[in-house]
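Chain letters run A, B, ... following the sequence lines, proteins first, then strands; residues in each count from 1.
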Amino acid sequence: MSAETTERRVIPRVSGALPDGEAEIELRGISKRFTARKRETLALTDIDLGIRKQELVTLLGQSGCGKTTLLRILAGLTQPTTGEVTIAGRPLWRGDHRDDDAVRKLGLVFQDANLFPWYTVQDNIALPLLLRKVDRRERQRRAGELAELVGLRGFEKALPRELSGGMRQRVAIARALSYSPEILLMDEPFGALDAMTRDKMNMELQRIAQATNATVVFVTHSIAEAVFLADRVVLLSARPGRIRSITEVGSPHPRSLDVTAEPGFQEKVLELRRQLTEDEERVSRQGVSE
Amino acid sequence: MSSRYLPWISTLVAIVAMVVIWKLVIAIFDVSPFVLPQPEDVLSGVKDLVNSDGFWTDVRVTLTETLVGFAIALALGLGLGIVLGRVAWLEQAARPVIVASQVVPKVALIPLFIIWFGFGMTSKIIIVALLSFFPILLNVILGVRSVDTGHRDVMRSLNSSRWQTFRRLEYPSTLPYVLAGMEVGIVFAVVGAVVGEYLGGDQGLGYRIVTSLNNLEAETLFAVILVLTLFGFLLYLAVVALKRFLIPWHDSTIDSTRAST
């Protein structure tokens, strides 16, 4: 107990909570403890964060800081050990029971495209609609529309294995958008792509987010990507994962790549890099003392 | 040259080469026709065999044994494989039994089955089922376990029902493994039927091997082997065709030249 209090003195607890009623998504007092081979790991602790409607928030942090876990908690794929997730005023979990209506508002894009190899692009995009028992013609119409939106017109009948990595990831985004979710949760969706494609996808994402009026939570370990996309950058520190800082990025969307050359942008990137480095040093010191 | 035709050309070359070597061996070593008949004699042997009394009955017997036994193996392999694939502790408990029954040389059990179930089709069907059961079972267990966790997350994030998860994810994920098991299983099935008839049968193509051997009819013996090769080949092709029909999306069914990165 005393060790924890001293540590808290070193790292100030940052709350990302918003004033009452402002948040579309709310995390209150979230922590997550994993038990593997009789060893307990505290992956996340003291997470308070509110996200506004149509806001684009990026979760930034070094690998292993719990940012994916946090996104999975938001998505209802992982149950938090303590704390509460609220989506549009409704708690995501009641005991061990997940509120499926809340989940329906969410669209998820993973690190891997996770396309089903037995379905064509069109059927992959429309999979959520199939599960919602939307009829075939409507599914095809919607899939065509989304293929257009993500720039895959003409590839509707292709199988995933015939596509490049970037195209597959775009299909995954189209799939997440197919049922017009109000909230898009993305876990390093462009992590496996080359720098050029990544830049292009980041531009596309802004356009798509605006076209669909979606709230976006975007996990990344790239500082530049986090600042470029975000209205607010939430920096997570590692071991245990907690909110280290929250940075507001002022400039309006859509942003062109030119913003990255502006001094204000550079300053924010440098400050976040300083914080990340500091955090890394603290973690490695911890490692020695253990 | 288009590589589509390559397998056909290579098959033709292999057959021609074999016939040439065959004839050369007979000419050089002056082999007796009782040991190795001329290729053309074997060919006329096939013609005689096909026209002989009861040939088609024998084909039907062997085919029935193979297909019925294989169907039993498929049903049991699927049923048990799905259960063992899903219930880890049961699979662990059953593992010694599975390994033991795998290691037993099953062909050595054939005389036993003949004592128990007689010389008729039943004993052969059981042998066929036993031989083709294990490759199917093992592949089904592997298949059930190989459903991608990322795919499961997708289904879970979409509120998919138990049935939808099976129908849209688990079934298509497992299918390639089932078919891989069937591909091996069908070959074992033919072996089981033929060896069963050979060791204790009174009809079927395997029994023809015994009679032609006893009569020292080398051409007929070779002819039966040729017919059996074709028999096994056609059954194998049927499974491959089924595979191409059921899982055209799978890597194992595309020509390597057409596959993208």
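Atoms OG1 and CG, from B:Thr149 and A:Asn114 in turn, are 8.0 Å apart once rounded to the nearest 0.5 Å. To the nearest 0.5 angstrom, A:Thr78 atom OG1 is 8.0 Å from B:Asp153 atom CG. Distance CG/A:Leu131 to CE/B:Met155: 4.5 Å, rounded to 0.5 Å. Distance check, rounded to the nearest 0.5 Å: CG of B:Leu158 to CG of A:Asp100 gives 11.0 Å.
Of the atoms belonging to A:Asp112, not a single heavy atom falls under 4.5 Å from chain B. For A:Leu159, the part lying under 4.5 angstrom from a heavy atom of chain B is the side chain only. Only the side chain of B:Asp148 comes within contact range of chain A, with heavy atoms under 4.5 Å apart. A:Leu108 touches chain B through its side chain: at least one heavy atom from C-beta onward sits under 4.5 Å away, while N, CA, C and O do not. Looking at A:Arg72, only its side chain comes within 4.5 Å of chain B, counting heavy atoms on both sides. Heavy atoms closer than 4.5 Å to chain A are found in both the backbone and the side chain of B:Ser173. With a 4.5 Å cut-off on non-hydrogen atoms, B:Arg167 does not touch chain A at all. Neither the backbone nor the side chain of A:Leu185 comes within less than 4.5 Å of any heavy atom in chain B. Looking at B:Leu175, there are no atoms closer than 4.5 Å to chain A (heavy atoms on both sides), in backbone or side chain.
Within a 6.0 Å radius of CZ in B:Phe113, more than 12 heavy atoms belonging to other residues, nucleotides or ligands are found. Other residues, nucleotides and ligands place more than 12 heavy atoms under 6.0 Å from the CZ atom of B:Phe117. Around the OH atom of A:Tyr179, the shell of radius 6.0 Å holds more than 12 heavy atoms that belong to other residues, nucleotides or ligands. Enclosure of atom CZ in B:Arg162 by more than 12 non-hydrogen atoms of other residues, nucleotides or ligands within 6.0 angstrom is indicated.
Across all non-hydrogen atoms, the minimal contact from B:Gln164 to A:Lys133 is NE2-NZ, 3.8 Å. Smallest separation of non-hydrogen atoms from A:Leu115 and B:His151: O-NE2, 2.9 Å. Closest approach of A:Arg175 and B:Val154 over heavy atoms only: NH2-CG2, 3.7 Å.
Considering only heavy atoms from C-beta on, A:Val103 stays 4.5 Å or farther from B:Arg156 through its side chain.
Here the side chain of A:Trp118 pairs a donor or acceptor atom with the backbone of B:Arg168 at under 3.5 angstrom.
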